[in-house]
Amino acid sequence: MTVEKEQTAGTARLLHEIAEYEELEREYGEAFAISVTTKAAQKADPSIVDRDTRGAVKFVRAVRTGNVCVATERQKVEDRAARAAGELFAAISSCQAELQD
């Protein structure tokens, strides 16, 4: 792709940078693409390392499969927490009732 200073942000920017990464990976291989992408990301956050970039690429590829739904997982966790809280409250209420008898 061409070198350009885009003023996009959000989803559009993410898609653009992923496309740039994938082009680098096709042309030069994973190690080079990770290195260049990490260096670019360090301009925004100097603490980013190659491992972070590799993880981000892995995550994006998983999301692209269509099998990732964070909202579904969140709902499962919240449902389990609500059930556990209810069971705990019921157990405490039962113990209090026994102590009062």
Side-chain angles (χ1 to χ4, degrees):
M1 295 208 149
T2 61
V3 175
E4 49 192 68
K5 188 78 171 180
E6 290 188 36
Q7 296 302 316
T8 59
T11 303
R13 188 68 190 179
L14 177 63
L15 293 174
H16 171 78
E17 297 304 334
I18 290 297
E20 289 287 341
Y21 169 84
E22 289 177 335
E23 186 173 327
L24 274 173
E25 187 179 52
R26 275 191 303 279
E27 291 182 20
Y28 302 104
E30 180 189 32
F32 184 78
I34 292 287
S35 177
V36 170
T37 304
T38 299
K39 186 164 179 63
Q42 287 172 338
K43 290 177 177 33
D45 180 349
S47 71
I48 293 175
V49 296
D50 287 353
R51 183 176 178 171
D52 300 323
T53 303
R54 188 171 282 108
V57 168
K58 195 173 187 179
F59 174 77
V60 167
R61 287 182 173 159
V63 169
R64 282 182 168 171
T65 68
N67 296 323
V68 175
C69 184
V70 175
T72 298
E73 291 305 311
R74 176 185 178 166
Q75 190 62 54
K76 287 178 186 178
V77 169
E78 288 176 347
D79 290 348
R80 273 185 261 151
R83 278 194 306 276
E87 291 169 5
L88 184 58
F89 182 73
I92 290 170
S93 295
S94 176
C95 287
Q96 285 177 337
E98 287 178 16
L99 290 173
Q100 290 174 353
D101 289 336

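If you read the sequence from its start, that first residue is 1, and numbering goes on from there.
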| remark: Value for CD1 (Ile18) from OG1 (Thr37), rounded to nearest 0.5 Å, stands at 8.0 Å

| query | What distance do Arg51 atom CZ and Thr38 atom OG1 have between them, rounded to the nearest 0.5 Å? | reply | 13.0 Å

| If you look at every heavy atom in Ser35 and Asp50, which pair is closest and at what distance? | CA-OD1, 4.0 Å

Side-chain heavy atoms of [X] within contact of [Y], under 4.5 Å:
| X | Y | value |
| --- | --- | --- |
| Tyr28 | Glu23 | no |
| Asp79 | Gln75 | yes |
| Thr11 | Leu14 | no |
| Ile34 | Tyr21 | yes |

| task | State whether the side chain of Gln42 and the backbone N or O of Ile48 hold a donor-acceptor pair below 3.5 Å, judged by distance alone. | result | yes

| Intermediate values then yes/no, salt bridge (Lys or Arg N to Asp or Glu O under 4.0 Å), Arg61 and Glu30 | CA-CA 14 Å; Arg61 287 182 173 159; Glu30 180 189 32; 5.7 Å; no

May I have the list of side-chain donor-acceptor pairs in residues 83-94 shorter than 3.5 Å, sequence neighbours left out?
from	atom 1	to	atom 2	distance (Å)
Ser93	OG	Phe89	O	3.0

| said: Going by the rule ring-ring contact (aromatic ring centres under 6.0 Å, His included), which residues pair with Phe59 if we only count those two or more places apart in sequence or in a different chain? | reply: none

| Is Glu22 salt-bridged to Arg64, cutoff N-O under 4.0 Å? | yes

